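One structure is given here, and the rest of the page talks about it.
FYI, side chains are in, hydrogens and waters are out, and symmetry mates aren't considered; it's all heavy atoms of this structure. Source: prediction; values computed, not measured.
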Amino acid sequence: MTTAPWRDPALPAAARVDDLLSRMTLEEKTAQLYGVWVGASTDGDGVAPHQHDMAVDHSDEAWAELITRGLGQLTRSFGTAPVDPALGAQALARAQRRITEAGRFGIPAIAHEECLAGFTAWQATAYPVPLAWGATWDPPLVEEMARRIGDDLRSAGVHQGLAPVLDVVRDPRWGRVEETIGEDPYLVGTVGAAYVRGLESAGVVATLKHFAGYASSAGARNLAPVRAGIREFADVTLPPFEMALREGGARSVMAAYTERDGVPASADPELLTGLLREEWGFTGTVVADYFGIGFLQTLHRVAGTPAEAAHAALEAGIDVELPSLKCYGDPLVDAVRSGEIPEELVDRAARRVLLQKCELGLLDEDWTPEPAAAVELDSTGNRILARRLAEESVVLLDNPDGLLPLAPDTRIAVIGPRAADALAMLGCYSFPSHVLTHHPGVPTGIEIPTVLDALRTELPDAKVTFAPGCDVTDPDTSGFEEAVARTAEADVCVAVLGDRAGLFGRGTSGEGCDATDLALPGAQGELLDALVATGVPVVLVLLTGRPYALGRWHGRLGAVVQAFFPGEEGGPAVAGVLSGRVNPSGRLPVSVPQVPGGQPWTYLQPPLGLAGEVSNLDPTPLYAFGHGRSYTTFVWEDGTGGEEPAEIGTDGTYDVSVTVRNTGDREGAEVVQLYLHDPVASVTRPDVRLVGYRRVAAAPGEAVRVTFRFHADLSAFTDRTGRRIVEPGALELRLAASSADTRHTARLTLTGPRRTLGTDRRLRCETEVSELASDA
């Protein structure tokens with residue numbers, strides 16, 4: 001039997017793909033450039049923008065005819081409707097067999113799924129959302145989570161995961177803040193790259209999204225035009241993507257829905273080809289966000305027909321149309337045959353897709369769709385890891401009089417609409433919030449303890465009563481009376497307030513759930529006022545997808561605990577912090593504002609973005625980026641750097657160190673943060689910006705020495721000509737517990753020529769940790 005060269009695994013992948021392409025018809029090549037979403041709803045509410053307008057209903061007859069050409073991708077076999085994971089894996093295998101048997105070449109499809117906070121499938125582990133990953137400041141832990149997610153995807157027959165989101169928060173009113181890692185590009189890049197490494201290590205293609213600028217939409221409205229300028233785009237928006245590609249090894253990128261300066265990302269060759277491929281050297285696949293190519297015609301109006309949209313997207317560099325064929329099918333074939341679209345564009349995209357299939361083993365003769373092992377998507381190991389992530393992500397914002405931890409035998413009134421609702425733990429891309437709302441009566445498929453249940457388990461000797469007080473969004477206050485009565489009978493009130501995740505206005509947080517301001521939703525603020533007015537100490541627990549303004553209650557609360565949709569084990573994690581079993585170690589990945597207007601504001605502000613005499617509005621946050629408290633105490637001592645500034649070249653390095661000593665009576669973790677302050681530059685610069693961090697644990701009396709190896713490349717910024725440069729001059733390196741809490745400052749002077757940097761510049765500040773002798 002003679003094996004065609006494209007089937008020979010001994011040959012280089014490029015040679016195999018070139019041989020295969022030479023044998024394929026135009027229809028067969030274009031078939032590799034789109035996905036098919038079987039079972040997607042075409043009426044009513046959907047899980048993607050304009051799904052009811054854009055989705056294609058594939059009958060079995062149409063499906064059978066379609067796959068004779070082959071197929072590029074299968075869309076969300078698990079994430080469309082509740083299906084038992086084992087049965088779903090078998091169904092996916094049957095679909096793959098049909099695809100390979102129907103086409104001339106027997107090439108299977110790439111199966112993709114959402115995996116933002118875990119595999120978005122029924123009965124799969126619901127991990128904390130990305131904003132909670134940012135709150136851990138713990139990239140190795142995020143990498144471990146992503147590896148587990150990847151293993152679960154592969155066990156079910158899935159090859160590609162649509163995560164992580166690397167958008168940097170620019171306005172916390174935006175609904176998708178919960179999907180982001182935070183408001184700082186260095187934090188987003190380091191944590192995001194860790195997620196990519198984990199997913200890719202399991203053999204799953206990680207997909208970076210949304211490339212690029214999506215979070216900078218005007219007015220924080222979903223899909224609104226992006227107003228970011230050249231330097232903001234280069235210095236804030238793009239670095240996390242570059243880091244995730246260079247350090248994470250991501251093999252796919254998803255084009256954003258949005259436009260910037262009149263050019264939609266899906267039709268921008270400078271972005272998707274010039275920057276991504278020619279400058280950064282990316283060789284993987286670029287996929288469309290769902291219906292994004294069709295939106296070039298219907299929403300952006302830069303194309304008059306589906307064929308024109310296909311031409312613009314292919315020319316820009318989008319290789320795969322998702323979730324279903326709309327523009328890359330017959331409209332593309334007809335336009336190529338008529339000479340309107342060069343066939344070379346089809347060949348370029350098909351080559352990239354087939355190279356990725358070759359990497360995944362899908363062109364090998366011995367490939368099989370059958371699951372290699374039993375499919376278990378919420379294993380004990382997964383839950384243990386989900387608990388650890390949740391515990392590390394909980395942020396103790398305030399505890400001024402030591403009300404927390406709670407006494408084990410106290411009387412507790414648990415009040416609030418989020419206290420007894422399991423969905424309060426989950427973000428909008430969890431399966432229960434994303435899909436099950438369309439399937440009433442179907443159980444969640446996973447155990448999700450509520451804060452109320454977890455607190456009763458955590459403190460079995462406490463007397464715990466409960467009243468919801470109000471709904472998340474309903475302005476009705478009729479439940480206040482019972483809530484106040486329960487509080488008046490208690491020693492302490494735990495008020496559990498926050499968001500309901502949803503999609504396109506069906507929640508207070510999530511895709512298409514943008515906020516007019518940063519006031520707590522519904523009547524929850526008024527409920528909190530009523531609880532505080534009882535005189536009983538109130539512990540505010542927030543389960544949210546974004547920060548909310550808390551200045552109205554500052555100084556009136558016994559304690560404030562923030563959790564960002566902490567996942568299926570979030571209830572026990574929060575309860576563990578309240579009881580003291582867990583020593584809180586989370587740090588804010590976003591600032592918490594004083595007032596609901598929010599300005600909008602993130603900490604990355606140049607001088608005129610800070611409080612000053614020129615305006616009566618003060619944007620200073622109530623709790624700064626990087627802030628978080630503990631039940632133990634740390635002192636920072638012996639920081640390096642004397643009175644005179646040290647001199648290094650504009651290509652030099654400088655080590656800055658500090659000793660962190662646990663002076664309390666219990667083990668804890670501190671997050672040592674390194675910020676850069678540039679006093680004078682040729683363009684305005686943020687007053688401070690994060691350039692390094694390290695999470696360290698220490699037992700009582702133990703000390704650790706943290707050293708940051710700062711390289712001058714980390715001071716770089718984009719100048720007036722659009723080049724990334726390092727300027728000579730004075731700098732300050734600030735070792736800090738938050739962006740507003742500097743503990744030690746080292747002054748530098750960069751000497752030598754101004755340097756222009758390329759893609760080989762340093763992106764990360766390396767750190768070292770050494771243990772010192774204990775004083776115990």
Side-chain angles (χ1 to χ4, degrees), residues 130-131 133-143 164-170 177 180-197 208 212 215-216 228 231-248 250 280 586-591 602-606 624-628 653-654 656 671-678 681 685-696 706-718 724 726 731-742 757 759 761-767:
L131 199 58
W133 313 346
T136 70
W137 296 64
D138 192 346
L141 188 60
V142 172
E143 182 174 346
V165 169
L166 296 180
D167 292 292
V168 179
V169 175
R170 301 303 284 163
V177 166
T180 73
I181 294 167
E183 68 182 47
D184 178 86
Y186 187 83
L187 180 65
V188 174
T190 48
V191 174
Y195 181 95
V196 170
R197 282 194 299 273
L208 310 182
S216 298
R231 272 165 290 284
E232 178 180 338
F233 197 69
D235 293 344
V236 177
T237 301
L238 293 178
F241 291 95
E242 187 177 3
M243 187 174 284
L245 290 172
R246 283 179 52 185
E247 298 193 356
W280 288 357
R587 300 292 184 268
L588 285 175
V590 285
S591 309
T602 75
Y603 92 99
L604 290 172
Q605 297 295 323
F625 172 81
H627 168 82
T653 60
Y654 178 76
V656 57
V671 178
V672 183
Q673 302 159 43
L674 181 67
Y675 293 88
L676 178 73
H677 171 69
D678 191 346
R685 304 295 300 132
D687 184 56
V688 293
R689 64 182 177 92
L690 186 73
V691 294
Y693 64 89
R694 186 65 179 260
R695 179 188 174 98
V696 292
V706 182
T707 299
F708 295 92
R709 182 146 292 143
F710 173 81
H711 191 281
D713 284 5
L714 297 173
S715 71
F717 58 87
T718 303
R724 192 178 302 277
V726 176
L731 295 176
E732 287 183 7
L733 295 177
R734 298 179 178 177
L735 289 159
S738 78
S739 61
D741 184 5
T742 299
L757 303 186
T759 54
R761 77 186 193 281
R762 272 81 163 181
L763 299 175
R764 179 188 297 270
C765 186
E766 299 299 332
T767 62

Exercise. Is there a side-chain contact between Thr180 and Val188 (heavy atoms, below 4.5 Å)?
Worked result: no
For this session: Look only at the side chain of Trp137 and the backbone of Arg587, and say whether a donor-acceptor pair between them is shorter than 3.5 Å.
Result: yes
Problem set entry | By side-chain hydrogen bond (donor to acceptor under 3.5 Å, both in side chains) - contacts of Arg761 (at least two apart) | Glu242
Exercise. When you measure from the side chain of Arg197 to the backbone N and O of Glu143, does any donor-acceptor pair fall under 3.5 Å?
Worked result: no
Exercise. Are the side chain of Arg689 and the backbone N or O of Tyr186 linked by a donor-acceptor pair below 3.5 Å?
Worked result: no
Exercise. So Asp235 and Arg724, side chain to side chain contact (heavy atoms under 4.5 Å, CB included) or not? Walk me through it.
Worked result: CA-CA 9 Å; Asp235 293 344; Arg724 192 178 302 277; 3.1 Å; yes
Problem set entry | salt bridge (Lys or Arg N to Asp or Glu O under 4.0 Å) evaluation trace for Arg709 with Glu766 | CA-CA 5 Å; Arg709 182 146 292 143; Glu766 299 299 332; over 6 Å; no
For this session: Sort out for me which residue in Val590, Leu588, Leu604 forms a side chain to side chain contact (heavy atoms under 4.5 Å, CB included) with Glu183.
Result: Val590
Exercise. Distance-only, no hydrogens or angles: does the His677 side chain make a donor-acceptor pair with backbone N or O of Asp687 under 3.5 Å?
Worked result: yes
For this session: List the atom of Asp713, the atom of Arg762, and the distance in Å for their closest heavy-atom pair.
Result: OD2-N, 3.0 Å
For this session: Take the angle between the ring planes of Tyr195 and Trp133 and call it parallel below 30°, perpendicular above 60°, tilted in between.
Result: parallel
Exercise. Should Ser715 and Phe710 be marked as a side chain to side chain contact (heavy atoms under 4.5 Å, CB included) after you check the CA-CA gap, both sets of side-chain angles, and the distance that decides it?
Worked result: CA-CA 9 Å; Ser715 71; Phe710 173 81; 4.2 Å; yes
Problem set entry | Working for side chain to side chain contact (heavy atoms under 4.5 Å, CB included), residues Leu187 and Tyr693 | CA-CA 9 Å; Leu187 180 65; Tyr693 64 89; 3.9 Å; yes
Exercise. Do side-chain atoms of Gln673 reach the backbone of Leu690 as a donor and acceptor pair under 3.5 angstrom?
Worked result: no
Exercise. Is there a donor-acceptor contact under 3.5 Å from the side chain of Ser739 to the main chain of Phe625?
Worked result: yes
For this session: Please name the residue in the list Pro589, Pro139, Pro240, Pro164 that meets the side chain to side chain contact (heavy atoms under 4.5 Å, CB included) test with Val191.
Result: Pro139
Exercise. When you look at Leu676 and Leu733, which way does the side chain to side chain contact (heavy atoms under 4.5 Å, CB included) test go after all the steps?
Worked result: CA-CA 5 Å; Leu676 178 73; Leu733 295 177; 3.8 Å; yes
Exercise. Taking the side chain from Arg170 and the backbone from Thr237, do they hold a donor-acceptor pair closer than 3.5 Å?
Worked result: no
